[in-house]
Amino acid sequence: MHIINENKESKSLLEKIASRPLFAHLSTADDKGPKDSPLWYIWENQSLWMLGHVSENSFIKRIKEDARCAIGIVDFDIETGRVHHLGFRGNAELVPHDESRAKRLFTRYMGEEEQWDPRFSAALGDEQWIFVCFVPETVVVRDQSYMLRGTK
């Protein structure tokens with residue numbers, strides 16, 4: 001993985017942003033043009049892992065046909081002026097269902113399993129839910145935060 005604007009803080013900021021439960025905007029394309037899919041993700045082993053259903057999520061078919069992808073993650077807080085951005089480029093791979101990873105992903109966003117909507121519990125162990133593993137070739141890490149007037 002090559003960080004385009006690498007400096008002392010960029011690797012630390014990459015890990016900090018990627019560890020937050022935000023949305024990853026997965027960009028794929030087909031013959032009709034570009035598509036954007038906002039997805040939950042988990043950052044493990046320098047890779048983004050996102051879950052999709054084989055027959056219900058069209059991004060799975062697009063990745064099968066063309067593995068090239070871009071992913072954007074933005075953490076914006078209007079109250080504090082925080083603007084953190086990660087931009088990834090690379091290829092995605094479709095990986096069979098992994099119940100343990102799915103549990104970690106869902107727990108990250110919804111807390112303990114007892115709190116989950118039943119749709120998510122039903123996905124555990126269902127082989128139709130597969131992972132998109134995205135290993136970035138390049139990453140742009142940006143802290144574009146600003147101070148609001150009248151704040152310290």
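The figures that follow rest on heavy atoms only: side chains count, while hydrogens, waters and symmetry mates do not. This is a predicted model, so every value here is computed, not measured. For this chain, numbers begin at 1 and follow the sequence in order.
- Of all the heavy atoms in A92 and V132, the pair that sits closest is CB-CG1, 3.7 Å.
- E93 has its side chain out of reach of S47: every pair of non-hydrogen atoms, C-beta onward, lies at least 4.5 Å apart.
- Under the 3.5 Å distance criterion, with hydrogens and angles disregarded, a donor-acceptor pair is assigned to the side chains of D143 and S145.
- A donor-acceptor pair shorter than 3.5 Å can be found between the side chains of S55 and H53.
- Put simply, Y41 and V95 are part of the same group of oily side chains (I, L, V, M, F, W, Y) that touch within less than 4.5 Å, one to the next.
- Interatomic distance, D30 CG to K61 NZ, rounded to the nearest 0.5 Å: 8.0 Å.
- Across every non-hydrogen atom of K16 and S19, the tightest pair is O-OG, 2.8 Å.
- Both L105 and L94 belong to a common hydrophobic cluster when Ile, Leu, Val, Met, Phe, Trp and Tyr are linked at side-chain heavy-atom distances under 4.5 angstrom.
- With rounding to the nearest 0.5 Å, the separation of CG in L124 from CD in E99 is 5.0 Å.
- Interatomic distance, CD1 of I71 versus NE2 of H25, reported as 11.0 Å (0.5 Å rounding).
- No side-chain heavy atom of W43 sits less than 4.5 Å from a side-chain heavy atom of R108.
- Once rounded to the nearest 0.5 Å, the distance linking CG of L48 with CG of L39 reads 10.5 Å.
- A pairwise comparison of heavy atoms in G87 and H85 identifies N-CE1, 3.6 Å as the closest pair.
- Residue M110 comes nearest to W116 through the heavy atom pair CB-CD1, 3.6 Å, listed as atom of the first residue, atom of the second, then distance.
- Atom CG of D75 and atom CG of L22 lie 4.5 Å apart (nearest 0.5 Å).
- The backbone N or O of P118 sits nowhere less than 3.5 Å from a side-chain atom of S121 that would complete a donor-acceptor pair.
- By the ring-ring contact (aromatic ring centres under 6.0 Å, His included) test, F59 is found to be paired with no residue, residues two or more places apart in sequence or in another chain being considered.
- Of the possible polar contacts, one joining the H97 side chain to the G125 backbone as a donor-acceptor pair under 3.5 Å is found.
- By the 4.5 Å heavy-atom criterion applied to side chains, S27 and D36 are counted as neighbours.
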task = Mind running side chain to side chain contact (heavy atoms under 4.5 Å, CB included) on R101 and C133 for me, showing each step along the way?
result = CA-CA 11 Å; R101 181 170 280 123; C133 175; over 6 Å; no
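- Shortest non-hydrogen contact noted between V141 and S10 is CG1-O, 3.7 Å.
- To the nearest 0.5 Å, atoms CH2 (W129) and CD (E56) are separated by 6.0 Å.
- Within the 3.5 Å criterion, the main-chain N or O of R68 finds a donor-acceptor partner in the side chain of D66.
- Among residues two or more places apart in sequence or in another chain, the ring-ring contact (aromatic ring centres under 6.0 Å, His included) test is passed with Y109 by W40.
- The closest side-chain heavy-atom distance from E112 to T107 is below 4.5 Å.
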task = Give the C-alpha distance, both sets of side-chain angles, the deciding distance and a yes or no for side chain to side chain contact (heavy atoms under 4.5 Å, CB included) between F88 and L14.
result = CA-CA 11 Å; F88 299 95; L14 166 62; 4.0 Å; yes
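- Residue C69 comes nearest to T28 through the heavy atom pair SG-CG2, 3.9 Å, listed as atom of the first residue, atom of the second, then distance.
- Between the side chain of E15 and the backbone N or O of S12, no donor-acceptor pair lies under 3.5 Å.
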